[in-house]
Visitor: 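Just dropping this structure here.
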Amino acid sequence: MTAVVKWERCEPYGKNCRWTEKVVPIHKYERVGGTWLHLLSDDEVLIIPSMVGPGHPAYPGPDLPTKDFFHMPPKGKERTQ
C-alpha cells in the first residue's frame, strides 16, 4: 500500500518555497492506533501506522525531533563542538 504525500518547504519568512510530492510506501501493520508521518532530511518520508508512537520502545520509526533553544548559535553562525 502507498500514499501520495505533498508538502511545501520554505526558508524563514516564507522565502524560496518549493513543493515536493512523493509516492511513499506505508509500513506493514497488523493493528492501528494512529498513523505517524515523518518528514526527514533529504525529503525522505515515512508513514508508520502503529499502536504506539515515537518515543515508545516498540515504535518502529524514529523518535520525535528535539531542539535545544537554550544552546543555539547566534544567527548567521554555526555551532562547533
Side-chain angles (χ1 to χ4, degrees):
M1 186 170 7
T2 61
V4 177
V5 180
K6 184 176 181 179
W7 69 98
E8 184 178 30
R9 201 177 290 257
C10 300
E11 291 178 12
Y13 306 107
K15 305 269 185 191
N16 299 318
C17 297
R18 67 177 174 84
W19 282 97
T20 303
E21 183 174 315
K22 291 181 102 172
V23 176
V24 181
I26 298 173
H27 280 238
K28 292 184 179 183
Y29 60 92
E30 293 179 17
R31 296 173 45 210
V32 177
T35 301
W36 295 88
L37 173 69
H38 297 273
L39 297 174
L40 305 172
S41 61
D42 298 326
D43 294 334
E44 183 182 352
V45 180
L46 299 173
I47 300 175
I48 303 174
S50 178
M51 291 297 292
V52 295
H56 190 280
Y59 185 68
D63 202 354
L64 293 173
T66 60
K67 189 167 190 174
D68 185 351
F69 290 98
F70 295 104
H71 296 96
M72 292 178 62
K75 189 172 183 172
K77 296 184 180 182
E78 294 193 23
R79 189 166 101 192
T80 58
Q81 292 186 342

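FYI, the numbering just counts along the sequence from 1. What you see is a predicted model; the values in this text were computed from it and never measured.
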Visitor: Same cluster or not: Val24 versus Val32, using hydrophobic residues (I, L, V, M, F, W, Y) connected whenever any side-chain heavy atoms lie under 4.5 Å apart?
Guide: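 Per the 4.5 Å side-chain linkage, Val24 and Val32 are co-clustered.
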Visitor: Show me the donor-acceptor pairs within less than 3.5 Å that the side chains of residues 43-66 make with the rest of the protein, sequence neighbours left out.
Guide:
| unit_1 | atom_1 | unit_2 | atom_2 | d |
| --- | --- | --- | --- | --- |
| Asp43 | OD1 | Arg9 | NE | 3.3 |
| Asp43 | OD1 | Arg9 | NH2 | 3.1 |
| Asp43 | OD2 | Arg18 | NH1 | 3.2 |
| Asp43 | OD2 | Arg18 | NH2 | 3.1 |
| Ser50 | OG | Val52 | N | 3.1 |
| Ser50 | OG | Val52 | O | 2.7 |
| His56 | ND1 | Ala58 | N | 2.9 |
| Tyr59 | OH | His38 | NE2 | 2.6 |
| Asp63 | OD1 | Gly55 | N | 3.1 |

Visitor: Tell me the closest heavy-atom pair linking Tyr29 and Met1, and the distance in Å.
Guide: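 Answer, listing the atom of Tyr29 first, then Met1: OH-CE, 3.3 Å.
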Visitor: Which pairs, with at least one residue in residues 19-34 and sequence neighbours excluded, count as a salt bridge (charged side-chain N to carboxylate O under 4.0 Å, His left out)?
Guide: none
Visitor: Applying disulfide (SG to SG under 2.5 Å), which residue pairs with at least one partner in residues 6-37 are found, sequence neighbours left out?
Guide: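 Listed once each, the pairs are Cys10-Cys17.
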Visitor: Go through the structure and list residues passing side chain to side chain donor-acceptor pair (under 3.5 Å) with Glu11, not counting sequence neighbours.
Guide: Asn16
Visitor: Enumerate the residue pairs fulfilling disulfide (SG to SG under 2.5 Å) with a member in residues 21-69, sequence neighbours excluded, ordered by first and then second residue.
Guide: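 Every pair satisfying disulfide (SG to SG under 2.5 Å) with a residue in residues 21-69: there are none.
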Visitor: Group every Ile, Leu, Val, Met, Phe, Trp and Tyr by side-chain heavy-atom contacts under 4.5 Å, then state whether Leu40 and Trp7 land in the same group.
Guide: no
Visitor: Applying ring-ring contact (aromatic ring centres under 6.0 Å, His included), name anything that partners His27, two or more places apart in sequence or on another chain.
Guide: none
